[in-house]
Number of protein chains: 2
Amino acid sequence: MSEGRSPQGETLLFLTDEQLRQGAEAMFFAYRGFTADPDRILDGLSYGRAHHRALHFIHTAPGTTVNNLLTILGVTKQSLNRVLRTLIEDGLVQSQVGRTDKRERHLYLTEAGETLERELSDAQRSRMRAAFRDAGPEAVAGFRRVLEAMMDPELRRQYHKLRGGRG
Amino acid sequence: MSEGRSPQGETLLFLTDEQLRQGAEAMFFAYRGFTADPDRILDGLSYGRAHHRALHFIHTAPGTTVNNLLTILGVTKQSLNRVLRTLIEDGLVQSQVGRTDKRERHLYLTEAGETLERELSDAQRSRMRAAFRDAGPEAVAGFRRVLEAMMDPELRRQYHKLRGGRG
DNA sequence: CATTTTAAGTCAGCCTTGTTGACATTCCAA
DNA sequence: TTGGAATGTCAACAAGGCTGACTTAAAATG
């Protein structure tokens, strides 16, 4: 498809409504694939996708506060609390009172939490690895560029913050 | 397959666990953006994301049967039926008994249905258009290549079937 | 010091959207 | 004529969102 050599003069075929519609459907179908493998694992346990997301981001940002996690996940504290409570009860997540500000709780994965997080992430990554490999490095770069441009500015900020120093 | 200049010798940095994790987070944040605009419109009406999906795919594949739509959406007939019933009651979707096989129902958008579908899709597309434009045609091609590689084979088949003749 | 604000947690109730299971109807096809 | 497929419907349930109201503790601020 259009290898845009000429930003001005070209037909911009990739911006037609039909192309955009196709892109939307690709997002829909791909997201299903993206969540399918960890979902299968979670089905066996008494957890859902919400638990996976919490584990994922606590792993990524260990010591994060509850408030910070709320912002990242984009849910209410009541929703998150329901998930977090079971994870803490089950010994997958540890909540630690803040040292400088004792109102805050800092969240960490326990060893068991890390183990489950790894199992879920491995399942998810193996599909992504195959997709990335099939598509090649340049496609992956484009993939990321488009996804990033699609985010809300506030979420993009969060995204960069998470990857800061690691990316 | 891999575009790479040096399939063997290169570091394959884009396949490290950290890079894959970053890709997963990009998917998560971008999908939020992807659904945000139509969701805002739906909030006002008494509809949800499920209604949007039904409208979208009936628009894309007019005359589709219920069973076909079930496969595409990946939900149970009971779930779809609940959504479909309200759309039909509200005069957005028309269900037509099949001519050759009278068990089947063929689904079409009414004029009102087309109007709402367009409103929702326009909202979604305007963000995608901006993202595509920002990222450029080559990035968009990569974006689509990766998404397609991420789909379940059965869904990829559905995806191609939908775009057949149009894509 | 008194007051206000912030962080977190909790309770109750509601909605959407997914699920199973059971069952009826209609109609094609062997 | 009978079996099976496609559809529709009813009931019940679960996950995971939401709002609103309220408490506790601690920090920040006047």
Side-chain angles (χ1 to χ4, degrees), chain A residues 28 31-32 35-36 38-58 63-90 93-108, chain B residues 28 31-32 35-36 38-58 63-90 93-107 120:
Chain A
F28 173 67
Y31 201 79
R32 293 254 298 277
T35 56
D39 278 0
R40 247 188 301 279
I41 295 173
L42 291 160
D43 263 1
L45 320 171
S46 53
Y47 298 131
R49 210 177 281 177
H51 299 84
H52 180 196
R53 287 199 286 261
L55 290 174
H56 178 110
F57 284 108
I58 295 172
T64 183
T65 64
V66 171
N67 232 11
N68 189 20
L69 197 52
L70 285 181
T71 309
I72 290 170
L73 294 173
V75 296
T76 59
K77 72 176 169 178
Q78 294 91 330
S79 275
L80 177 59
N81 198 256
R82 177 168 38 195
V83 165
L84 227 40
R85 202 186 318 162
T86 72
L87 290 176
I88 291 172
E89 279 170 4
D90 295 355
V93 167
Q94 199 187 338
S95 168
Q96 221 167 69
V97 173
R99 280 193 307 171
T100 62
D101 187 336
K102 290 177 199 153
R103 289 170 305 178
E104 295 180 339
R105 303 299 142 92
H106 298 275
L107 302 170
Y108 300 91
Chain B
F28 173 67
Y31 201 80
R32 292 252 299 275
T35 57
D39 278 1
R40 246 189 301 278
I41 295 173
L42 290 160
D43 264 1
L45 319 171
S46 53
Y47 298 131
R49 209 177 282 177
H51 300 84
H52 179 197
R53 288 199 285 260
L55 290 174
H56 178 110
F57 285 109
I58 296 173
T64 184
T65 63
V66 172
N67 229 15
N68 189 20
L69 197 52
L70 286 181
T71 309
I72 291 170
L73 295 174
V75 297
T76 59
K77 70 178 170 176
Q78 293 91 331
S79 272
L80 177 58
N81 196 256
R82 177 170 36 200
V83 164
L84 229 38
R85 201 187 320 161
T86 72
L87 291 175
I88 291 172
E89 278 170 4
D90 295 355
V93 167
Q94 197 188 341
S95 167
Q96 221 167 68
V97 173
R99 280 193 307 169
T100 61
D101 185 338
K102 290 176 197 154
R103 288 168 305 180
E104 294 179 339
R105 303 300 142 92
H106 298 275
L107 302 170
L120 294 168

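Here is how names work: the chains are called A, B, and so on, in the same order as the sequence lines, proteins then strands, and each is numbered from 1.
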Separation of atom CG in Asn81(A) from atom C1' in dA15(D), rounded to whole Å = 16 Å
Any side-chain N or O of Arg85(A) less than 4.0 Å from the OP1 or OP2 oxygen of dT10(C)?
-> yes
Per-nucleotide protein contact string for nucleotides 20-27 of chain C (B base, S sugar-phosphate only, - none; heavy atom under 4.0 Å) | BBB---BB
Quick one: which residue pairs count as a salt bridge (Lys or Arg N to Asp or Glu O under 4.0 Å) with a foot in residues 43-55 of chain B, not counting sequence neighbours?
-> Asp39(B)-Arg49(B)
In whole angstrom, what separates Leu87(B)'s CG from dG8(D)'s P?
-> 13 Å
Which distance, rounded to the nearest 0.5 Å, do you find between the CD of Glu89(B) and the CZ of Arg85(B)?
-> 7.0 Å
Can you find a side chain N or O atom of His51(B) that sits less than 4.0 Å from OP1 or OP2 on dT16(C)?
-> no
In whole Å, what is the span from the NE2 atom of His52(B) to the C1' atom of dT16(C)?
-> 16 Å
Which nucleotide in the set dC18(D), dT10(C), dA6(D) lies at the smallest distance from any side-chain heavy atom of Val75(A)?
-> dC18(D)
His51(B) vs Tyr47(B) aromatic rings, parallel, tilted or perpendicular, using cut-offs 30° and 60°?
-> tilted
Hey, are the side chains of Leu84(A) and Ile58(A) touching, using non-hydrogen atoms and a 4.5 Å cut-off?
-> yes
If only side-chain N and O atoms of Arg32(A) are considered, is one of them under 4.0 Å from the OP1 or OP2 phosphate oxygen of dG18(C)?
-> no
Return the orientation label for the Phe57(B) and Phe28(A) ring planes: parallel under 30°, perpendicular over 60°, tilted otherwise.
-> tilted
Check the distance between dG9(C)'s P and Leu80(A)'s CG and give it to me in whole angstrom.
-> 8 Å
Considering only heavy atoms, which members of residues 40-48 of chain A lie under 4.0 Å from some atom of DNA chain C?
-> none
Taking every non-hydrogen atom, the tightest pair across Gly48(B) and Leu42(B) | O-CD1, 3.5 Å
In whole Å, what is the span from the CG atom of Leu107(A) to the C1' atom of dA7(C)?
-> 12 Å
Can you name the nearest heavy-atom pair linking Val83(B) to Ala54(B), along with the distance?
-> CG1-CB, 4.2 Å
Among the candidates dG18(C), dG8(D), dG17(D), find the nucleotide nearest to the side-chain atoms of Arg82(B).
-> dG18(C)
Start at the 5' end of DNA chain D and walk down; is the nucleotide closest to Arg99(A) or to Arg53(A) reached first?
-> Arg53(A)
Whole-Å distance between dT17(C) P and Asp39(B) CG?
-> 9 Å
Given side chains that start at C-beta, do those of Gln94(A) and Ile88(A) come closer than 4.5 Å, heavy atoms only?
-> no
Would you mind reading off the distance between Gln96(B) atom CD and dA6(D) atom C1', rounded to a whole angstrom?
-> 17 Å
Report yes if at least one side-chain N or O of Asn67(A) is closer than 4.0 Å to OP1 or OP2 of dT6(C); otherwise report no.
-> no
Can you name the nearest heavy-atom pair linking His106(B) to Gly98(B), along with the distance?
-> CD2-CA, 3.4 Å
